[in-house]
Amino acid sequence: MPLRHLTPRDQHLFRQYGVGPAVPVPDPLIHRAVERRADADPHAVAAEHLGARITYGELDRHADALAARLVREGVRPGDHVGLFVRRSIPMLIGLLGILKAGAAYVPQDIGLAPAPQLAHVIRTARTRVVITVAEHAHRVPLPPGHRLIALDEPLPYIPAPRADRAARPDIPVHPDDGCYVLFTSGTTGRPNGVKVTHRNVANILLTAPGDLGIRPGDRVAQLLNIAFDMAAWEILGCLAHGGTLVIRGRDIAAAARTADVVIATPTVLSGIDPARCPRVRTVAVAGEPCPRPLADRWARQATFYNCCGPTETTIVNTMHRHDPSSPVLSIGRPTPNNTVYVLDADLRPLPIGEVGEMWAGGTCVSAGYLDNDRLNAERYAPDPFLGAGHRMFRTRDLGRWTPDGELEHLGRTDDQVKVRGFRVELDSVSSVLESVEGCRRAVTLKQDARTLVAFVTPADVDPDTARRAVADALPYYCVPESVMPLTELPETDRGKIDKAALLRLAEERTVVSR
């Protein structure tokens, strides 16, 4: 009995809070949901990009033709196909065509990913076919024996519009087959490939609240890098529900201003002015902790979801609709058919209110890392609470249950650092800084064994006031040595704060001051 050490009350709350609702999933294959939309309204606009448009019928027919080409190239269910593209309408044809062929797509932004990374992805995912566009074909480090397909070259056969679906490839795909393989940033510097299944993806995108209430005709902004799993939320979440995907150009805010639904990291969202987005009715953020002021600002005009979950638990596995009057900005509860456990170092459930590491269970748990048995053994484990062959995933996020059953995210286990021998939670320092009047965003980092350094935006935040706020709220060893106001915080290509760039900036300023 894995709960016997808990009081009867905590045993009851462990199940009540930690187990998401059991909800049927309408279709376990996400591309079938897109096909149904194409059959229901083939003339509806599926996507637009820089003035170009494609209807659901056109998208479906082009993807059918690509799938047939992939099958002729020997692609079979269970295979992985590289999708090395930039944001575009051809990107959607490639993605959907790969799924129709029964394979999993392996996305990389060909304009941003360096050649060594692309070579690592091809090698680790064991792709035999890579899809791109002619403009970027020369950037693909194609090994011998691989095939390159350019999406903008004429396909041999594009089926005509039809009432019957005889020309649609009938490929047997199982819900536990791969939908996509995403490469996360590894601690060794080599990205790790995570295989995510159709069952995983359909569970979050085709049930509430992960479906974000998207209806036919709704406009969904596509802002994020295709190699980031939240882009699958934008793309497949939109197309599976009949929306119009608004693929951004260089101007992120311009796409958001014409959208009904925006999915973003807090870093990306902080660059968008809600006052200029009166049409936006639903916002979801994930990928990094969300500053309370940012959540409050958007929640006053739109339904705002604060979400959490690593790539390995399929986009997000907890969601919370935020109310600006709430005392806590939480990450909510498990999404349908999923579970969350707050455990101690021995994997025993902690009483309600105690801080521990969050483990995720249920349908969200992905198939695991490619070619990395050591990491699979470290991060995935048999789920003793669900049993019956289920697995759970170690998120490395710290959290606790509030008395009313909401999860508080308390940073990453690797964000707990030691300074002068004391343990410091960096996110706690950043939260205090973000409470300073006028501060929109804050990041705190460990510069060396004795020093914390913080960065705040905008540039007119007074650093002395910010340091005093931390000194008033937290122990002395939590006070940053310096607070650097910046016009904006540097971003990674996935729309998160670039901490390595900030540490380089801190070191440069230290050298200059010396």
Side-chain angles (χ1 to χ4, degrees), residues 31 46-54 58-76 79-159 169 178-183 190-191 193 222 224-229 231-232 234-236 245 247-250 370 493-494:
H31 63 288
E48 59 183 52
H49 179 235
L50 302 179
R53 290 183 167 190
I54 190 169
E58 292 166 341
L59 174 60
D60 191 53
R61 293 195 305 275
H62 280 80
D64 283 344
L66 176 60
R69 167 77 183 275
L70 291 172
V71 171
R72 287 196 300 274
E73 296 286 355
V75 172
R76 298 290 181 264
D79 285 353
H80 304 152
V81 175
L83 182 62
F84 296 178
V85 290
R86 304 231 70 188
R87 292 180 199 87
S88 62
I89 287 173
M91 169 187 75
L92 306 181
I93 296 169
L95 188 157
L96 191 57
I98 294 169
L99 296 181
K100 283 172 173 277
Y105 69 93
V106 186
Q108 289 289 298
D109 188 319
I110 190 67
L112 297 175
Q117 178 176 316
L118 297 177
H120 170 69
V121 167
I122 290 172
R123 183 170 56 251
T124 306
R126 294 194 176 96
T127 64
R128 289 182 295 106
V129 177
V130 174
I131 293 174
T132 186
V133 294
E135 176 189 358
H136 296 296
H138 68 283
R139 304 187 64 171
V140 179
L142 203 67
H146 274 57
R147 294 300 301 271
L148 190 71
I149 296 177
L151 286 165
D152 44 357
E153 292 176 356
L155 290 165
Y157 170 60
I158 302 291
C179 178
Y180 55 74
V181 174
L182 286 188
F183 280 76
R190 294 174 66 82
Q222 204 281 293
L224 302 172
N225 184 332
I226 189 177
F228 184 26
D229 63 341
E234 297 172 316
I235 296 167
L236 291 170
L245 194 69
I247 303 172
R248 75 168 175 91
R250 291 185 177 275
L370 302 180
D493 59 9
R494 301 194 178 194

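Computed from a prediction, not measured in an experiment: that's the story for all the values here. Reckoned from all heavy atoms, side chains included, excluding hydrogens, waters and symmetry mates.
- Residues passing the ring-ring contact (aromatic ring centres under 6.0 Å, His included) test with F84: none are found, sequence neighbours excluded.
- Summarising the geometry of A101 relative to A67, their closest heavy-atom pair is N-CB, 3.8 Å, with the distance given to 0.1 Å.
- Under the rule for a side chain to side chain donor-acceptor pair (under 3.5 Å), R123 has no partner lying at least two apart in sequence or in another chain.
- Residues forming a side chain to side chain donor-acceptor pair (under 3.5 Å) with N225 (at least two apart in sequence, or on another chain): none.
- Formation of a donor-acceptor pair under 3.5 Å by the Q222 side chain with backbone atoms of L224 is found in this model.
- In terms of the salt bridge (Lys or Arg N to Asp or Glu O under 4.0 Å) criterion, R76 has no residue partners (sequence neighbours excluded).
- Here the closest heavy-atom approach between residue P141 and residue I122 is recorded as O-CD1, 3.7 Å.
- Panel note: side chain H80, backbone V106; no donor-acceptor pair is recorded below 3.5 Å.
- Under the salt bridge (Lys or Arg N to Asp or Glu O under 4.0 Å) criterion, E58 pairs with no residue, sequence neighbours left out.
- In this structure, R87 CZ and R248 CZ are separated by 3.5 Å, a value rounded to the nearest 0.5 Å.
- Partner L66 forms a side-chain contact (heavy atoms from CB on, under 4.5 Å) with one of V71, I149, V81 and no other, that one being I149.
- Applying the side chain to side chain donor-acceptor pair (under 3.5 Å) definition to pairs two or more places apart or across chains, none involves residues 131-142.
- To the nearest 0.5 angstrom, I131 atom CD1 is 12.0 Å from R147 atom CZ.
- Considering only heavy atoms from C-beta on, D109 stays 4.5 Å or farther from D493 through its side chain.
- Shown here are the ring-ring contact (aromatic ring centres under 6.0 Å, His included) partners of H31, two or more places apart in sequence or in another chain: H198.
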N/O donor-acceptor pairs under 3.5 Å from side chains in residues 88-99, not counting sequence neighbours:
| from | atom 1 | to | atom 2 | distance (Å) |
| --- | --- | --- | --- | --- |
| S88 | OG | R86 | O | 3.1 |
| S88 | OG | M91 | N | 3.1 |

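- Side-chain contact between H120 and F183 is present, with at least one heavy-atom pair separated by less than 4.5 Å.
- Under the salt bridge (Lys or Arg N to Asp or Glu O under 4.0 Å) criterion, R128 pairs with D79, not counting sequence neighbours.
- In this structure P116 satisfies the side-chain contact (heavy atoms from CB on, under 4.5 Å) test together with P114, sequence neighbours excluded.
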Q) Please walk me through it: do D60 and K100 pass side chain to side chain contact (heavy atoms under 4.5 Å, CB included)? A) CA-CA 10 Å; D60 191 53; K100 283 172 173 277; 2.7 Å; yes
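- Note that CD1 of I226 is 9.5 Å distant from CD of Q108, once rounded to the nearest 0.5 Å.
- A134 and A150 get closest at one heavy-atom pair: N-CB, 3.8 Å.
- Between A232 and Y105 the shortest heavy-atom distance is CB-OH, 3.7 Å.
- The distance from atom CD1 of I54 to atom NE2 of H49, rounded to the nearest 0.5 Å, is 13.0 Å.
- Shown here are the side chain to side chain donor-acceptor pair (under 3.5 Å) partners of R126, two or more places apart in sequence or in another chain: D371.
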